[in-house]
Every structure is written in structure tokens, then in C-alpha cells.
Amino acid sequence: MMKVIWQPTWEAAELLLANPEFKTYVNSYENADTVTQLNAQSEDQETNLTKQGYDGCTQHFENMWDSSQGQNIRDKAIFITDTVNPQADIQHTWKCEIWVRDVDLLKPGSNKDSEGEPIIPEHITCQAACAFDIYGKCTGMLSLERLNILLHAYNQSK
Amino acid sequence: MIGLHSATQPPVQDAATEIVGLLQRCKLQMSSLNNIRKKARYSNMYCTPRHIMTFLQKWAIATKQKFASPLAFDPSYQAYWSENTRDTVFQASANAFDTKFTGFSFCHPNYCDYLLHSLVGHALQSTIST
């Protein structure tokens, strides 16, 4: 999974219509008979690659990052390619953190009465202290009791 | 045990950073046990149940824990020893083999033949020299 973070930006409203031919493009789009064009291309003519979204032309890759303002959108975005678990990880703060929060756990099920039926794990929610590294990745969980013991030991040995 | 942080190297960070480091060390230690038998590997992950610890403390007069971890030690014991020197940040004593065993201790080490042999040998030597 890829995580994309947009840096905050601000653009004046009048700049959005900076292109003088904007209305011309809008009119040509509205007047175009797109429905007819789509129907004209029968499914028999489409290759397997086309059905998957590949049109054979790579020209659009060269300018796909250009905005209407001529700036490169790529400069405004940070791409993090590390794996992210949105259910467990948090937005990085560049420092380690301990969060006490509700976590969902699966407890091994035990239905001894109904033999032959699949054992379904039991879903429980409990409070736990989650430890996050500087990148916001969850390193592990502690019970609140163990967290208090560790904090007490840490403060005692200062 | 007060003042341990000032002498520890690398310098001690805040509590959250040290806890994250502790969890990462624990993960690393567990991953290094992959080459041992499955049954022994799983048994290393188990903590000793609280009632057994209490029983040993009450009836066997065990007051110290050897080869414990900050993630599993019982705070009602007087002191505990950890394999990792960095655990001194959490009041652990560094190396159990550095000193003679005195009194009664409780120990639940990882299932490693060499370690168990050394541990029993050290305990016997401590008893003989007392």
C-alpha cells in the first residue's frame, strides 16, 4: 500500500481561471458527443490490455504531473513507499510515542459443545498502550498495568 | 538504583523512546530463536503465571529474578537481572553471572542448552563458595 501526504497549499480563486481558453475547452467538452464515441467502439475490437485500462499511448505520463498553474504537483507531495497498516499505525511525529487506546483483538474460540463446527475466534475490544516508532509504525502493545510498571521503574532509576 | 540514567551509554532518551527500543529488542530476540524447535520456541514466549511467582515468593522465599525482562518481571520481587545491559534503564541489573547468587532466586530463562548448563553451574559454584 502506498501512502500519499499532500503538503498544505493555497491558491487564489482567480488563479484557477488563469487559462484564457478555459471556457472554450469547457464548451468543446460539453458539445462533444461522447456517448456516440463510446458506443462506436465495440467490445470485440478491445484487446485484453485495453480492457485493463492500457491505451498504448505513454505521452500522457510526461505531463500528468503538470498542474494548470504550470507547477509540478510532484514537488508538493511526499510519497512514502513503506508498508502502512492504517488500523494500527499513526501519522508520524518524528518521535516515539505511547498511545493508550482501544484495540481490537481476536481471542481463540472454544466451542466444545458443538463438535464438527468451525471454531470462530471471539472478537474483543480492550484498552492497551500502543508504542509507535518515529515513523508512526506500531512496534508493539503493552497492557496498562505493564506500562505503569515500566514507567515507575524508569522514573525510579533516573 | 537512583542515578542509573546518567551513567548509561548511549544517553537515556525519554520513556516512550526507551519502551519502543525495549519492544524492538524483544522482537529481535524472538526472531533469533527461529532456528530452535517449535515447542521450545513457543515456550520462550510464555510469561510465568503470576500465581506461581507469588507462590515461590511466599513459600520458597524467592526474592530475586534472574534472566528476567522488563516486559515480564514481577515488581513485588526485590530485584531482577536482565540479559540486555540497556534494561538498566528500567531498574534491571545487568549480568546475572557477574555476581555470586545469594539467597533464593527465581529464574525462567530461554530454553538454550548452553545457558541452562551455565546457570546451573553458576548456582552450584555459588552454593559451594558460600
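Note: hydrogens, waters and symmetry copies are ignored here, and every other heavy atom, side chains too, is used. Residue numbering restarts at 1 for every chain, and letters A, B, ... go by the order of the sequence lines.
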Q) Considering only heavy atoms, which portion of B/Leu71 lies under 4.5 Å from any heavy atom of chain A: side chain, backbone, both, or neither? A)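 Answer is both: backbone and side chain atoms of B/Leu71 are under 4.5 Å from chain A.
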Q. At a heavy-atom separation under 4.5 Å, does B/Gln13 approach chain A through its side chain, its backbone, both, or neither?
A.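 Just the backbone, heavy atoms under 4.5 Å.
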Q) Hey, are B/Ser82 and B/Asn84 close enough side-chain-wise for a donor-acceptor pair under 3.5 Å? A)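 No pair is found: no donor N or O on one side chain lies under 3.5 Å from an acceptor on the other.
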Q | Contact class of A/Leu151 relative to chain B, heavy atoms under 4.5 angstrom | A |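 The answer is the side chain of A/Leu151.
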**Q.** Contact class of A/Leu142 relative to chain B, heavy atoms under 4.5 angstrom
**A.**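 Contact with chain B: side chain only.
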Checking the side chain of [X] only, and the main-chain atoms of [Y] only, is there a donor and an acceptor separated by less than 3.5 Å?
{"X": "A/Ser157", "Y": "B/Val89", "value": "yes"}
{"X": "A/Arg146", "Y": "A/Met141", "value": "no"}
{"X": "A/Asp104", "Y": "A/Thr125", "value": "no"}

Q | chain A interface, residue from B/Gly21, B/Pro70, B/Cys26 that has the most non-hydrogen pairs under 4.5 Å | A |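 Highest number of pairs under 4.5 Å: B/Pro70.
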(Q) Can you confirm whether or not the ring centre of B/Phe106 sits under 6.0 Å from the ring centre of B/Tyr80? (A)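 Distance test on ring centres: not under 6.0 Å, no.
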